[in-house]
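The structure appears below as structure tokens.
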Number of protein chains: 2
Amino acid sequence: MYLLSPGPYTRARRPDRLTAMSSSPAPSPAARRTDGRAARWAGQRERRRREFVDAALRAVAAHGPEVSTEQIAEEAGVARTRLYKYFTDAADLQAAIADRVAELITAELAPAWNPHGTPMQAIAAAIGAHTTWLSEHGDLYRYLTMHSLSAQAGGRDAVTDVKTAIARNLTAVFEHYLALFGLDVRAAETVAFGLVGLVESSTSRWLENPRGVSRDELAGLLERWVWRIFDDTLRAGGVELDPDAPLPAPG
Amino acid sequence: MYLLSPGPYTRARRPDRLTAMSSSPAPSPAARRTDGRAARWAGQRERRRREFVDAALRAVAAHGPEVSTEQIAEEAGVARTRLYKYFTDAADLQAAIADRVAELITAELAPAWNPHGTPMQAIAAAIGAHTTWLSEHGDLYRYLTMHSLSAQAGGRDAVTDVKTAIARNLTAVFEHYLALFGLDVRAAETVAFGLVGLVESSTSRWLENPRGVSRDELAGLLERWVWRIFDDTLRAGGVELDPDAPLPAPG
DNA sequence: GCTAACCCGGACTCTCGGTAACAGGAACAT
DNA sequence: ATGTTCCTGTTACCGAGAGTCCGGGTTAGC
């Protein structure tokens with residue numbers, strides 16, 4: 001049974017193909033022939049990759065964080081080996097999934113990338129979104145951290161981890177504000193990863209064993225701590241910021 | 001070739017065996033016969049497990065974080081399948097390694113369990129020990145993160161176990177001081193897990209990509225942040241502590 | 001000498017990642 | 001109408017690593 005869309009056979013052709021010159025009589029032998037039979041498939045590979053990533057997300061939801069490529073292929077309604085036409089590797093599929101998750105969580109954390117209101121309000125919004133997402137997509141989170149092979153020898157910087165994805169964006173935001181205040185930008189990444197670890201670690205522990213601490217209390221603690229760390233970084237550069245005064249817009 | 005100690009054959013027998021009553025004539029039929037041939041092997045299994053864990057640590061150091069059980073067995077001077085006589089599972093071996101690592105780190109972090117001097121000095125000692133250990137045993141750390149096989153039912157993974165071990169000790173220390181100041185003890189665990197996550201996350205990222213930040217700079221940032229968080233927790237209860245005044249001894 | 005424990009490794013199975021070879025279908029070209 | 005091109009898909013096969021089974025060896029206590 002085919003759970004994916006049946007492919008290009010039923011799709012309207014993209015109208016933007018560049019075959020206006022197709023009647024030109026003499027293409028150089030080395031140049032690729034602009035044959036409509038080839039142009040028809042423009043973008044098909046990326047489309048299919050997206051579909052497989054969709055199936056992978058469903059498979060993770062269905063089978064937990066330990067899905068095999070077999071199960072992902074099954075969820076896509078396709079023989080396992082078909083995957084290797086679109087992904088060089090299991091790691092390649094993995095990377096594509098991580099990219100997608102990065103997109104999803106980035107969208108969720110919009111209030112952090114474009115802070116509105118006071119620093120404390122922005123922090124509270126981001127923490128709320130973060131803890132909510134983490135508790136709702138725990139399997140996906142575990143799947144990614146488990147399979148993050150972090151390219152030991154390959155030197156690929158494309159470390160694909162949810163935390164990395166979040167922290168990268170956070171790094172950019174911090175770098176922006178640090179630069180705005182004329183401070184050393186190098187600490188931004190350390191702050192970002194530290195904060196992500198702080199929030200993730202205490203939240204996941206709290207989920208397992210609340211010990212009488214309410215969700216609001218937890219959120220309150222985290223918000224204050226995050227502010228303290230950010231504040232400390234600013235003060236180290238001689239800048240003081242009022243946590244309850246509106247922030248300059250990032251634009 | 002045999003890299004491990006050759007086993008009990010060449011070892012002096014432990015003198016503390018409890019066989020003083022071995023001449024007693026009538027053991028119950030259900031009870032195990034106290035045969036010297038059985039008593040000779042007391043503790044042998046645990047000894048061997050330790051030896052294999054030793055070999056695993058050496059194998060990680062030799063082959064990097066991607067060692068196979070095959071390579072661990074080779075380092076132990078033994079056929080791979082021999083491992084399964086002492087470990088039910090690859091995950092079991094994994095867990096044993098994680099336990100050992102937790103012991104090593106706990107020993108390294110002694111200054112945190114028994115703080116001396118001022119708060120900042122104690123924090124600096126603990127952070128220094130932590131970052132030093134992690135930068136010296138990066139492969140081991142990576143090994144644990146990569147092979148976190150989280151036996152889906154238990155949800156356990158090796159790194160979490162280590163972090164939990166550290167955070168538990170830290171929780172006890174914090175509870176002690178919070179109680180000393182007459183504050184609410186419930187936050188101690190949240191603080192402990194948060195701090196562990198904060199330090200671990202930023203340090204591991206720094207390991208992979210230092211970005212021109214030196215180890216001392218990193219340690220300095222972390223020390224200040226940790227203090228800020230601890231200080232915030234105290235202030236929330238109306239207690240102010242001088243970070244540079246000597247701390248009362250934990251005894 | 002006998003036997004209870006340990007010691008050992010080799011052969012086997014199972015699962016999973018990955019490759020190779022092969023067959024069919026839809027649209028374009030002629 | 002027929003062949004070409006590119007995708008679609010499958011099955012068979014290989015290698016690596018995990019885990020099991022089994023037969024045989026060694027030593028110290030009986």
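Chain A is the first sequence line, chain B the second, and so forth, proteins listed ahead of strands; every chain is numbered from 1.
When the side-chain nitrogen and oxygen atoms of B/R48 are compared with OP1 and OP2 of C/dC7, one or more of them lie within a distance under 4.0 Å. When the side-chain nitrogen and oxygen atoms of B/Q44 are compared with OP1 and OP2 of C/dC7, one or more of them lie within a distance under 4.0 Å.
Look at CZ on B/R82: it is 12 Å from C1' on D/dC21, rounded to the nearest Å. As a whole-Å value, the separation of A/L83 CG from D/dT11 P is 15 Å. A straight line from CZ of B/R37 to C1' of C/dC7 spans 17 Å, rounded to a whole angstrom. Taking atom CD of B/E51 as the reference point, atom P of C/dC6 lies 15 Å away to the nearest angstrom. Protein atom CG of A/D92 is 14 Å distant from nucleotide atom P of C/dG17, rounded to whole Å. For the pair B/W41 CH2 and C/dT3 C1', the interatomic distance rounds to 14 Å; values are reported in whole Å. Atoms CD1 (A/I72) and C1' (C/dG17) sit 12 Å apart, rounded to a whole Å. Spacing between atom CZ of A/F87 and atom C1' of C/dC16 amounts to 18 Å, rounded to whole angstrom units.
Not counting sequence neighbours, the partners of B/E200 by the salt bridge (charged side-chain N to carboxylate O under 4.0 Å, His left out) test are B/K163. Residues meeting the salt bridge (charged side-chain N to carboxylate O under 4.0 Å, His left out) test with B/R49, sequence neighbours left out: B/E46, B/D92.
Separating the CD1 atom in A/I72 from the CZ atom in A/R58 is a distance of 11.0 Å, to the nearest 0.5 Å.
Between B/E103 and B/R100 no salt bridge is recorded (no basic side-chain N to carboxylate O distance below 4.0 Å). A salt bridge does not link B/E189 to B/R168: none of the charged nitrogens lies less than 4.0 Å from a carboxylate oxygen.
No hydrogens or angles were tested; on distance alone, a donor-acceptor pair under 3.5 Å links the side chain of B/R40 to the base of D/dT27.
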Set out, line by line, the N/O atom pairs under 3.5 Å between protein and nucleotides 16-20 of chain D.
unit_1, atom_1, unit_2, atom_2, d
D/dA18, OP2, B/T69, OG1, 2.4
D/dA18, N7, B/R80, NH1, 3.4
D/dG19, OP2, B/Y84, OH, 3.3
D/dG19, OP2, B/A90, N, 2.8
D/dG19, N7, B/R80, NH1, 2.9
D/dG19, O6, B/R80, NH2, 2.8

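Residues B/W113 and B/V173 form a side-chain contact, since some pair of their non-hydrogen atoms from C-beta on lies under 4.5 Å apart.
Ring-plane geometry between B/Y86 and B/F52 is classed as tilted, the angle between the planes lying from 30 to 60 degrees on a 0 to 90 degree scale.
Along DNA chain C, the nucleotide nearest A/K85 and the nucleotide nearest B/A79 are compared for position; the residue whose nucleotide lies closer to the 5' end is B/A79.
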